[in-house]
Amino acid sequence: MGGLVLKLAPKERVLINGVVIENGDRRSRFSIMTPQANVLRLRDAIHPEEVNTPVRRVCYAAQLVLSGDTEPDQARQQLLRRVEELSQVFTDTDSRRVLADATEALVAEQYYKCLKALRSLLPREERLMAYEQ
């Protein structure tokens, strides 16, 4: 089985190519076979009022592409710049690898993969922000 495998809880919602789909009363699993499909779990979505840190801003910009609210061609350059800016702050080896993965995904126009990589930086950013206060 290829493609992106989604495992959904009962009544969980997911956005696929701009269409909100709600799962039924049972857990389910299905595969997205279209390589360039834009998929976003709504439980993982960042809401506008939560966009209050540098990593969250970049994640939100990638999320807007997945939701169909921003054209990929317009967003790509801006996202690449923002990822580069993050690389000035996140200098450890693990973070650099994550940022390289996000950049690679952007170049390949794989916005879900980019968002997934960037989201892994959120706990690190939270720790850094707590340390600086």
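Since the structure is predicted, the reported quantities are computational estimates derived from the model, not experimental observations.
No side-chain heavy atom of P10 sits less than 4.5 Å from a side-chain heavy atom of D25. Side-chain contact between L86 and P54: present, with at least one pair of heavy atoms (C-beta onward) separated by less than 4.5 Å. The shortest distance between side-chain heavy atoms of F90 and E125 falls below 4.5 Å.
Under the 4.5 Å side-chain contact rule for hydrophobic residues, L42 and L115 share a cluster. At a threshold of 4.5 Å between side-chain heavy atoms, the hydrophobic network of Ile, Leu, Val, Met, Phe, Trp and Tyr places V55 and Y60 in two separate groups. Both V83 and V89 are members of a single hydrophobic cluster when ILVMFWY side chains are connected at heavy-atom separations under 4.5 Å.
To the nearest 0.5 Å, the span separating CG on L64 from CD on E71 amounts to 12.0 Å. From L106, atom CG reaches atom CG of L80 across 5.0 Å, with rounding to the nearest 0.5 Å. In this structure, CZ in R27 is found 8.5 Å from NZ in K7, a value given to the nearest 0.5 Å. The distance from the CD1 atom of I16 to the CG atom of L6 is 6.0 Å, given to the nearest 0.5 Å. For the atom pair CG (L15) and CG (N38), the distance works out to 8.5 Å, reported to the nearest 0.5 Å. Here CG of L121 is found 5.5 Å from OG of S95. Values are rounded to the nearest 0.5 Å.
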For this session: Under the side chain to side chain contact (heavy atoms under 4.5 Å, CB included) rule, what do Q78 and R81 come out as? Steps first, then yes or no, please.
Result: CA-CA 5 Å; Q78 181 185 23; R81 261 192 306 278; 4.1 Å; yes
For this session: Given salt bridge (Lys or Arg N to Asp or Glu O under 4.0 Å), test R97 with D101 step by step and report yes or no.
Result: CA-CA 6 Å; R97 181 187 46 76; D101 290 347; 3.6 Å; yes
Exercise. Yes or no on side chain to side chain contact (heavy atoms under 4.5 Å, CB included) for I32 and V5, after CA distance, side-chain angles and deciding distance?
Worked result: CA-CA 6 Å; I32 305 294; V5 176; over 6 Å; no
For this session: List the steps and the verdict of side chain to side chain contact (heavy atoms under 4.5 Å, CB included) for R76 and Y111.
Result: CA-CA 9 Å; R76 188 178 314 106; Y111 295 95; 3.4 Å; yes
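Between I46 and R119 the shortest heavy-atom distance is CG1-NH1, 3.6 Å. Scanning all heavy atoms of the two residues, the minimum distance from E50 to R56 falls at O-CD, 2.9 Å. When all heavy atoms of R82 and A61 are compared, the closest pair comes out as NH1-CB, 3.6 Å. Nearest heavy atoms, N23 versus L8: ND2-O, 3.3 Å. For the pair V20 and R13, the tightest heavy-atom approach, listed with the atom from each and the gap, is CG1-CD, 4.1 Å. Shown here for E22 and K11, the closest heavy-atom pair between the two residues is CG-O, 3.7 Å.
For R124, the CZ atom sits in a packed shell: over 12 heavy atoms of surrounding residues, nucleotides or ligands are nearer than 6.0 Å. Other residues, nucleotides and ligands contribute only 12 or fewer heavy atoms inside 6.0 Å of the CD atom of E104.
Looking only at distances, no side-chain donor or acceptor of Q88 sits under 3.5 Å from a matching main-chain atom of E85. Looking at E12, its side chain does come within 3.5 Å of a backbone N or O of A9 through a donor-acceptor pair. The main-chain N or O of L40 is never found under 3.5 Å from a side-chain atom of Y112 such that the two would form a donor-acceptor pair.
Under the side-chain contact (heavy atoms from CB on, under 4.5 Å) test applied with S67, the options T70, D69, V65 reduce to a single match, D69.
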